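Nothing here was measured: the structure is a model prediction, and the numbers come from that model.
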Amino acid sequence: MDASDDMIQVFEAVRDDTGQISDFRWILNNHTSERRYGEVRGESLLQRNPGVIPTGIFDSFKRVTETGVPEQSEHHYVHEQFDGWFYQSVVRLGDGVATTSKDITAWKAAQDKILRLQAQLARHQLREQRGRFAAIFDKAPVGLSVIAADGRFEHVNDELCRILRRSREELLALSVVDVTHPDDVPASRAALDEAARVTTPVSLDKRYLCPDGSIAWANSTVSALPGQDEDPGGFLVVTADLTERRRAEAAVRESEALQRLLIGELQHRTFNLMGVVRATADLTIASSVDLEDFRAKFNSRIDALARVQRLLSRLQDHDRVTFGELIRAELDATGACVGDRTRVTLEGPDDVPLRSGTVQTFAMALHELATNAVKYGALGQSDARLLVRWSVRSGMQGEAWLHVDWEETGVQMPDPGAAPCGTGQGRRLIEEALPYQMQARTTFVLTGDGVRCSIALPLPGREPAETAADLPGNP
């Protein structure tokens, strides 16, 4: 959004006591918009830009908010700090709207020039004022051509040569059909026929073929020139280059699609994260003996979630957090020296991607394993060792699964019958939450010298690296 050259803004509706929309309030501005407005988040739209009422923009915002039907329109805005034309798209977002505004002032100015040229050329007889017409013709900022009744080019100016990427000599040896895209030839011929029958100009958007095989979009306005009797003496064609406009319109559509995608992904991730935080708070309350105990445990688990969010925030489009990144982040947070092979050993491929929607739950389970290992197990006893081994294997239907083994050895376990260490929340996450939320298969065993835990979970769209399936629960 901030990289876009368009102004992207989000407003929330302000309603009166009867529930009617009386104003809108800014809640988001991208960099392009902020350069024009400054910092306006939280401010009133009507107080900052009262010109939205006479231009109809305010009514458009209300309609989209109340009906949910997107609107696109051009506005000539000459209020406050603005003086220009804008193409604006409005979509509903919650109880308000998200807007994308593109500055089309330069394009409108070009349209005005075209209209002025048409009016000027219509007032003067080409034969009587050839010198003046030639000057206008050659220096016009739009493509101009005079074509014969059979479609051959008789006169062309420099701008038309630039648009069609051909020299003047090349064009004068061709006809309109020769440079028109085959699919647009019927419409082009129909425009010439109609212009010959009526007294008003005929306009159409069409594609021209360039010598290198590329396509130039243009708007051609055809006017019949006076001839003998009732037959036209040829045609005057005004050609305005639309190639950049078409690209801009495609960029606007792409920007709107990306905006909707980003907002949807943000809402989805936020919803998932809030659910994990709520569940974490509930479980921590249930396992805490007092407020200080709750604060320490809850802060530790929130830190684990924050580490996952940092990993997610660094991702590019379509990237995913890998298991290697996740396990190293959790073990580094405990102070364990992952690079010291005498204490902690990690074995497995670094590029195993995880589902972004469930990575928080998986991270919490690893956090509980690591925290318990620091307090009671391999990471808290100098003679103990920890081995984390993972691989990608094939499931029963050929789908890829991540298989993780957590093995602690050399741990001095409490005597049989002694009070259990910890609250068991980590074990509940592994044995209950992972199978429920991620369709995982898990085992958790307290052996005589440490914890043995295995977790197998399906991976997103990945081919298995091994063909032999040896997952928990598989025959």
Side-chain angles (χ1 to χ4, degrees), residues 1-108 111 205 242 245-271 274 317:
M1 290 170 63
D2 281 336
S4 174
D5 291 331
D6 303 333
M7 293 189 295
I8 300 175
Q9 305 173 83
V10 177
F11 299 86
E12 65 177 359
V14 177
R15 296 181 180 272
D16 58 22
D17 294 339
T18 66
Q20 298 299 312
I21 297 177
S22 60
D23 199 351
F24 285 86
R25 180 182 299 111
W26 268 281
I27 61 173
L28 183 145
N29 260 359
N30 72 339
H31 286 174
T32 303
S33 182
E34 192 171 275
R35 284 196 297 270
R36 289 177 175 266
Y37 285 92
E39 177 55 60
V40 294
R41 285 176 295 180
E43 292 190 19
S44 161
L45 173 63
L46 294 183
Q47 291 180 2
R48 187 65 181 255
N49 288 108
V52 297
I53 292 179
T55 56
I57 295 175
F58 182 73
D59 289 338
S60 174
F61 284 13
K62 290 175 61 177
R63 283 195 302 272
V64 172
T65 302
E66 292 168 352
T67 67
V69 179
E71 294 187 7
Q72 298 84 33
S73 58
E74 294 179 357
H75 298 286
H76 187 199
Y77 200 90
V78 289
H79 305 279
E80 296 86 44
Q81 72 270 42
F82 296 97
D83 184 4
W85 283 87
F86 297 88
Y87 180 82
Q88 186 175 68
S89 296
V90 186
V91 297
R92 183 167 67 185
L93 179 60
D95 189 26
V97 293
T99 69
T100 302
S101 300
K102 184 171 189 63
D103 191 337
I104 58 171
T105 304
W107 180 75
K108 280 291 186 179
Q111 281 190 321
D205 289 353
L242 299 181
R245 175 190 169 186
R246 289 276 179 166
R247 291 174 182 168
E249 290 174 346
V252 169
R253 291 192 295 270
E254 183 179 351
S255 175
E256 292 170 350
L258 178 59
Q259 177 184 354
R260 290 191 293 269
L261 177 64
L262 291 176
I263 292 173
E265 178 65 15
L266 176 62
Q267 292 173 336
H268 177 69
R269 288 192 180 183
T270 302
F271 180 79
M274 294 305 296
D317 292 344

Trainee: Verify side-chain contact (heavy atoms from CB on, under 4.5 Å) between Thr100 and Met7, making sure each step is shown before the conclusion.
Mentor: CA-CA 6 Å; Thr100 302; Met7 293 189 295; over 6 Å; no
Trainee: Hey, what do you get for CD (Glu34) to CZ (Arg41), rounding to the nearest 0.5 Å?
Mentor: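 The CD atom of Glu34 sits 6.5 Å away from the CZ atom of Arg41.
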Trainee: Would you name the heavy atoms of Ser89 and Gln72 that are closest together and state the gap between them?
Mentor: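 Closest heavy-atom pair between Ser89 and Gln72: OG-CG, 3.4 Å.
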Trainee: Might you point out which heavy atoms bring Val78 and Asp83 nearest each other, and give the distance in Å?
Mentor: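 Heavy atoms of Val78 and Asp83 come nearest at CG1-OD1, 3.1 Å.
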Trainee: Looking at every heavy atom in both Pro50 and Glu80, which two are closest together, and how far apart are they?
Mentor: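 In this case the closest contact between Pro50 and Glu80 is CD-OE2, 3.1 Å.
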Trainee: To check you understand the geometry: which heavy-atom pair defines the closest contact between Val91 and Pro70, and what is its length?
Mentor: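 So the two residues come closest at CG1-CB, 3.9 Å.
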Trainee: Quick one: NE2 on His31 to CD1 on Ile8, what's the gap to the nearest 0.5 Å?
Mentor: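 Taking NE2 in His31 and CD1 in Ile8, the distance rounds to 11.0 Å.
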Trainee: Apply side-chain contact (heavy atoms from CB on, under 4.5 Å) to residues Val10 and Val97 and explain how you reach the verdict.
Mentor: CA-CA 6 Å; Val10 177; Val97 293; over 6 Å; no
Trainee: Mind checking whether Pro54 and His79 have side chains closer than 4.5 Å, heavy atoms only?
Mentor: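 Pro54 vs His79: side chains touch.
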Trainee: Is the CD atom of Glu74 crowded by more than 12 outside heavy atoms at less than 6.0 Å?
Mentor: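 It does: Glu74 CD has more than 12 such atoms within range.
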Trainee: Under a 4.5 Å cut-off applied to non-hydrogen side-chain atoms, are Val64 and Val69 in contact?
Mentor: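 Counting from C-beta outward, Val64 and Val69 never come under 4.5 Å.
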Trainee: Test side-chain hydrogen bond (donor to acceptor under 3.5 Å, both in side chains) on Ser44 and Asp23; report intermediate values, then the result.
Mentor: CA-CA 7 Å; Ser44 161; Asp23 199 351; 2.3 Å; yes
Trainee: Any chance you could measure Glu12, atom CD, to Thr65, atom OG1, to the nearest 0.5 Å?
Mentor: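 If we round to the nearest 0.5 Å, Glu12:CD and Thr65:OG1 are 11.0 Å apart.
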Trainee: Are Ser60 and Glu71 close enough, and set up right, to give a side-chain hydrogen bond (donor to acceptor under 3.5 Å, both in side chains), and what steps lead you there?
Mentor: CA-CA 7 Å; Ser60 174; Glu71 294 187 7; 2.8 Å; yes
Trainee: Flag the pair Tyr77 / Phe86 as yes when their ring centroid distance falls below 6.0 Å, and as no otherwise.
Mentor: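 Tyr77 vs Phe86: aromatic centres not under 6.0 Å.
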Trainee: Does the side chain of Gln9 come under 3.5 Å of the side chain of Trp26 through a donor N or O and an acceptor N or O?
Mentor: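 Distance-only check passes for Gln9 and Trp26.
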Trainee: Checking side-chain contact (heavy atoms from CB on, under 4.5 Å) for the pair Leu45/Arg25: CA distance, chi angles, key distance, verdict?
Mentor: CA-CA 6 Å; Leu45 173 63; Arg25 180 182 299 111; over 6 Å; no
Trainee: Return the minimal non-hydrogen interatomic distance between Asn30 and Leu28, and the atom names on each side.
Mentor: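 For Asn30 and Leu28, the tightest heavy-atom pair comes out as N-CD2, 4.3 Å.
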Trainee: Distance check, rounded to the nearest 0.5 Å: Asp16 atom CG versus Ser22 atom OG?
Mentor: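 Nearest 0.5 Å value for the CG-OG distance: 5.0 Å.
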Trainee: Run the numbers on Val14 and Ile21 for side-chain contact (heavy atoms from CB on, under 4.5 Å), then give the verdict.
Mentor: CA-CA 6 Å; Val14 177; Ile21 297 177; over 6 Å; no
Trainee: Would you find a donor on one side and an acceptor on the other, under 3.5 Å apart, between the side chain of Thr99 and the backbone of Val90?
Mentor: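 Flag not set: sc Thr99 to bb Val90 has no pair under 3.5 Å.
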Trainee: Please evaluate residues Asp95 and Arg15 with respect to the criterion salt bridge (charged side-chain N to carboxylate O under 4.0 Å, His left out), reporting the C-alpha separation (whole Å), side-chain torsions for both, the decisive distance (0.1 Å), and the verdict.
Mentor: CA-CA 10 Å; Asp95 189 26; Arg15 296 181 180 272; 2.8 Å; yes
Trainee: Could you measure the distance from the CD1 atom of Ile57 to the CG atom of Asn49? Nearest 0.5 Å is fine.
Mentor: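 Between Ile57 CD1 and Asn49 CG, I get 8.5 Å after rounding to 0.5 Å.
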Trainee: Do Ser33 side-chain atoms and Asn29 backbone N/O form a donor-acceptor pair below 3.5 Å?
Mentor: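 Answer holds: no.
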Trainee: Quick one: pull up CD in Gln88 and CD1 in Ile104 and give me the separation to the nearest 0.5 Å.
Mentor: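 That separation rounds to 11.0 Å.
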Trainee: When the ring planes of Phe24 and Phe11 are compared, do they come out parallel, tilted or perpendicular, using 30° and 60° as the limits?
Mentor: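 Rings of Phe24 and Phe11: perpendicular, as their planes differ by over 60°.
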Trainee: Please report whether the ring centroid of Trp107 lies less than 6.0 Å from that of Tyr87.
Mentor: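 Not under 6.0 Å, so no.
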